[in-house]
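This structure is a prediction, so every number in the text was calculated from the model and none was measured. Below, each value reflects all heavy atoms present in this structure, side chains not excepted, and no hydrogens, waters or symmetry copies. Indexing begins at 1, ligand by ligand and atom by atom, following the structure's order.
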Amino acid sequence: MKIQIINGPNLNLLGTREKEIYGDVPFEKYYKLIQEHFKDIQLDYFQSNVEGEIINKLHQVGFEYEGIILNAAGYTHTSVAIADAIKAINTPVVEVHISNVYEREDFRHDSLIAPNCMGSISGFGLDSYRLAIESIRVLK
Ligand code: DQA
């Protein structure tokens, strides 16, 4: 089984960025741990701060992989183009957020991508990614 993780803008700064919200673990470190945990799954990781690159990655894997875990970060709340890309592909996408977006500012309560995703996981810290992978594995 192949699952693609896609992280959007500013998530390259995890570990140093707003640690009180996002924690102090760099994503690369967490990625190694989940690769160990899910030995039976090919887990690929891509991060970009550029909207079009995220869309290109969705197109690239979205007809081949069994699942996509997408933390679109700030684009979650603004990007019609990413929402359209999710609708255009065949692979199911799980929306992920590290923080609980519903206990934060009002503008974070709206997700343009959520209606096109299989489901959303928010607020479990980096463990949100593990839960998302489990949700794809259970369905397949
Ligand atoms: C985030 C929540 C978004 O509102 C924010 O813009 C992010 C990260 C999260 O993982 O909690 O950059 O997606």
Nearest-neighbour protein heavy atom for atom 9 (C) of ligand 1, which is reported as residue plus atom name and distance: I98 N, 3.3 Å

Atom indices of ligand 1 within 4.0 angstrom of G74 heavy atoms, with elements: 6 (O), 12 (O)

Per-residue contact class, N10 against ligand 1 - non-hydrogen pairs under 4.0 Å: neither

Geometric class of the H77/F107 ring pair [parallel <30°, tilted 30-60°, perpendicular >60°]: perpendicular

Over 12 non-hydrogen atoms of neighbours within 6.0 angstrom of NZ in K2: yes

H97, portion touching ligand 1 at heavy-atom distance under 4.0 Å: both

Derivation and outcome, side-chain hydrogen bond (donor to acceptor under 3.5 Å, both in side chains), residues E95 and T76: CA-CA 9 Å; E95 176 187 18; T76 304; 4.6 Å; no

Linked, directly or transitively: I34 and I41 (ILVMFWY side chains, under 4.5 Å): yes

Nitrogen or oxygen of L11 less than 3.5 angstrom from that of ligand 1: no

Ligand 1 contact on T76 by region, counting heavy-atom pairs under 4.0 Å: neither

Protein heavy-atom partner closest to atom 5 (C) of ligand 1 - residue, atom, separation in Å: R108 NH1, 3.2 Å

ILVMFWY cluster, F63 and I54 together (side-chain gap under 4.5 Å): yes

Per-atom contacts, ligand 1 versus H77 - under 4.0 Å to a heavy atom: 3 (C), 4 (O)

Under-4.0 Å salt bridge between R130 and D127: yes

Distance-only N or O hit between ligand 1 and P9, under 3.5 Å: no

Geometric N/O contact R104 with ligand 1, under 3.5 angstrom: no

Residue portion contacting ligand 1 (non-hydrogen atoms closer than 4.0 Å) for H109: neither

Any donor-acceptor N/O pair, N71 side chain to H97 backbone, under 3.5 Å: no

Closest protein heavy atom (residue, atom, distance) for atom 8 (C) of ligand 1: Y22 OH, 3.4 Å

Identity and separation of the nearest protein heavy atom to atom 12 (O) of ligand 1: R17 NH2, 3.0 Å

Minimum-distance protein heavy atom relative to atom 11 (O) of ligand 1: S99 OG, 2.6 Å

Note: K57-E53 ion pair, threshold 4.0 Å (strictly below): no

Pair F124 and Y129, ring centroids less than 6.0 Å apart: no

